[in-house]
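The structure under discussion appears below in the form of structure tokens.
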Amino acid sequence: MYVQIDPGRAWDRLRGSRANPPGRATRGARAKTYSTSLEQAQQMFHAAEGAGPQTRALLIFYGLSQAGRAIAAAAVDLKDQASWNLNGHGIHASGFGKTFAEIELRTETSGNAGSFVRLSELLQSPIWPKSTVIRLGDVWDTLPLDMPYPLTKGDRTPPLHASPSVSEAAHPLLTAYVEGFPDHVVKAGTRIALDEFLTAYLGTVGYDSYVRSGMGSEPPDFERLGPDSSALFMNWSMGCADGLGALGSERMQRLHSMTRGYAGYRFFFPTIKGLVRDLHPLMAWWAVLYTLSMLTRYQPAQWAGHINIDAAAEAILIEKLLALAMEQLPALIVDTIDEVAAWPKDDAAQDDR
């Protein structure tokens with residue numbers, strides 16, 4: 001699915017927020033960190049626009065890293081300096097001699113002050129022990145990217161875009177138009193295959209039904225959208241004991257609880273094997289861009305090979321990903337700041353900023 005985002009509007013919102021910072025970034029060191037980090041982030045993204053693939057990944061990642069400091073400074077749940085002051089990366093890449101998709105990622109343990117760990121815990125996104133090997137291709141595939149072809153082969157579990165079919169009138173079912181089913185699920189054409197595929201998407205658990213191509217136990221009525229991508233209307237019971245159903249606002253709230261936001265869109269993101277839940281999309285971008293920046297900075301000869309458009313199949317995908325990062329990340333940064341800087345209703349802790 002093509003995700004259309006205006007990065008200029010996102011940067012305008014971020015710049016506008018600096019005169020009246022959100023959350024806990026209202027004064028002192030937190031306010032200065034919030035403002036300065038966002039300025040540095042924007043300048044690095046702007047510099048990346050004029051850079052080629054040789055250095056673009058480095059600039060985008062460190063722009064994102066500085067934005068992460070602004071996110072932490074604004075976060076309501078990070079109450080003291082020891083918790084919001086990030087120290088180090090908190091994530092490591094290795095295996096640079098392997099194929100591009102097989103490069104390995106590991107994180108520091110819970111409680112570490114590194115950016116990836118601290119922000120992941122803040123955003124309810126998983127970290128993993130050093131004994132668990134997560135590969136670059138696994139994380140790459142969790143991003144909603146409009147690519148000419150996938151980075152990895154085999155039976156993939158891409159993000160599934162969920163569009164609600166909701167009116168305000170009461171109804172016992174939440175119905176969503178779910179896009180992104182790959183061909184291997186569509187060709188199988190059975191509920192068993194659909195259920196097995198959906199085990200990777202924790203938000204879909206307990207779905208009630210789907211639109212069938214006929215009566216009874218007929219196959220799911222998938223609609224072809226494009227290469228390796230189809231859609232299906234799916235239903236979830238709202239569990240209304242009174243039989244009257246749930247209002248549209250209640251059904252929308254249910255959908256939001258099942259999915260993660262992505263710049264105004266809602267997605268079911270897959271859980272990578274070995275993790276306890278799906279990665280927050282900002283942290284998935286973080287892990288991918290961190291890896292590319294490490295290649296750029298410490299393995300320049302290998303990086304040159306990966307971006308050689310005449311020799312490497314991944315080169316066009318890297319170019320496309322970096323272009324999408326510059327387009328989509330500013331809006332994700334806005335969303336994430338809104339997410340972490342919102343004060344709970346009637347929270348007396350607002351006085352302790």
Side-chain angles (χ1 to χ4, degrees), residues 2-19 21-22 25 31-75 86 89-91 93 115-116 118-120 122-123 139-140 143-147 261-265 279-297 300 303 306-307 315-341:
Y2 175 65
V3 176
Q4 187 172 8
I5 299 172
D6 181 359
R9 290 185 63 183
W11 284 122
D12 286 346
R13 280 195 60 189
L14 291 169
R15 290 187 70 82
S17 73
R18 288 162 52 184
K32 291 178 182 177
T33 297
Y34 181 85
S35 179
T36 304
S37 296
L38 285 181
E39 179 64 30
Q40 291 171 335
Q42 186 171 7
Q43 289 192 24
M44 288 182 185
F45 271 73
H46 181 69
E49 292 175 5
Q54 287 281 5
T55 57
R56 179 172 283 179
L58 196 64
L59 291 164
I60 296 174
F61 171 71
Y62 280 101
L64 176 59
S65 180
Q66 292 310 102
R69 296 182 181 278
I71 292 167
L86 307 179
H89 289 301
I91 186 171
S115 298
F116 189 87
R118 186 61 51 82
L119 293 175
S120 292
L122 176 66
L123 299 171
V139 183
W140 183 295
L143 294 172
L145 304 173
D146 180 34
M147 290 289 189
Y262 194 93
Y265 300 85
L279 288 166
H280 189 287
L282 189 80
M283 303 319 297
W285 271 110
W286 195 294
V288 170
L289 290 168
Y290 166 81
T291 305
L292 302 191
S293 75
M294 293 298 103
L295 275 166
T296 303
R297 187 175 182 184
W303 178 242
H306 290 308
I307 61 174
I316 184 64
L317 302 181
I318 292 171
E319 288 184 3
K320 181 76 170 176
L321 176 128
L322 294 175
L324 290 172
M326 291 187 294
E327 176 185 313
Q328 297 181 10
L329 277 173
L332 292 185
I333 294 166
V334 171
D335 284 354
T336 307
I337 290 173
D338 288 345
E339 181 180 345
V340 304

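Bear in mind the structure is a predicted one, so any value in this text is a computation, not a measurement. The figures that follow rest on heavy atoms only: side chains count, while hydrogens, waters and symmetry mates do not.
Across all non-hydrogen atoms, the minimal contact from Trp11 to Pro330 is NE1-CG, 3.4 Å. Across every non-hydrogen atom of Ala75 and Leu122, the tightest pair is CB-CD2, 3.7 Å. The shortest non-hydrogen separation linking Val334 to Ala10 is CG2-O, 3.6 Å. Of all the heavy atoms in Ile91 and Tyr290, the pair that sits closest is O-OH, 3.0 Å. Taking every heavy atom of both residues into account, Trp285 and Leu332 meet most closely at CD1-CD1, 3.5 Å. Between Ala287 and Thr291 the shortest heavy-atom distance is O-OG1, 2.9 Å.
Considering only heavy atoms from C-beta on, Met283 comes within 4.5 Å of Phe116 through its side chain. Contact check for Leu145 versus Lys320: no side-chain heavy atoms found under the 4.5 Å cut-off. Side-chain atoms of Leu322 and Leu292, non-hydrogen and from C-beta on, do get closer than 4.5 Å to each other. In this structure, Ser17 and Leu38 have side chains that are in contact, with non-hydrogen atoms separated by less than 4.5 Å. Looking at heavy atoms from C-beta onward, Arg56 lies out of side-chain contact with Ile307 at the 4.5 angstrom threshold. The shortest distance between side-chain heavy atoms of Leu324 and Leu143 does not fall below 4.5 Å. A heavy-atom distance below 4.5 Å is found between the side chains of Ile337 and Pro22. The shortest distance between side-chain heavy atoms of Ser115 and Trp286 falls below 4.5 Å.
Judged as a salt bridge (Lys or Arg N to Asp or Glu O under 4.0 Å), and not counting sequence neighbours, Asp6 has no contacts.
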Throw together a table of side-chain donor-acceptor distances under 3.5 angstrom for residues 41-55, partners on residues two or more places apart or in other chains.
from  : atom 1 : to    : atom 2 : distance (Å)
Gln42 : OE1    : Arg15 : NH1    : 3.0
Gln43 : NE2    : Glu39 : OE2    : 2.8

Give every donor-acceptor pair under 3.5 Å between a side-chain atom in residues 57-72 and any protein atom, sequence neighbours left out.
from  : atom 1 : to     : atom 2 : distance (Å)
Tyr62 : OH     : Arg297 : NH1    : 3.1
Gln66 : NE2    : Gln40  : OE1    : 2.6
Arg69 : NH1    : Leu86  : O      : 2.9

Audit row: Arg13, Asp338, side chain to side chain contact (heavy atoms under 4.5 Å, CB included) steps and yes/no:
CA-CA 11 Å; Arg13 280 195 60 189; Asp338 288 345; 3.1 Å; yes

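Annotation: the span from Ile316 atom CD1 to Leu321 atom CG amounts to 11.5 Å, rounded to 0.5 Å.
In this structure a side-chain-to-backbone donor-acceptor pair under 3.5 Å is missing from Tyr262 to Pro281.
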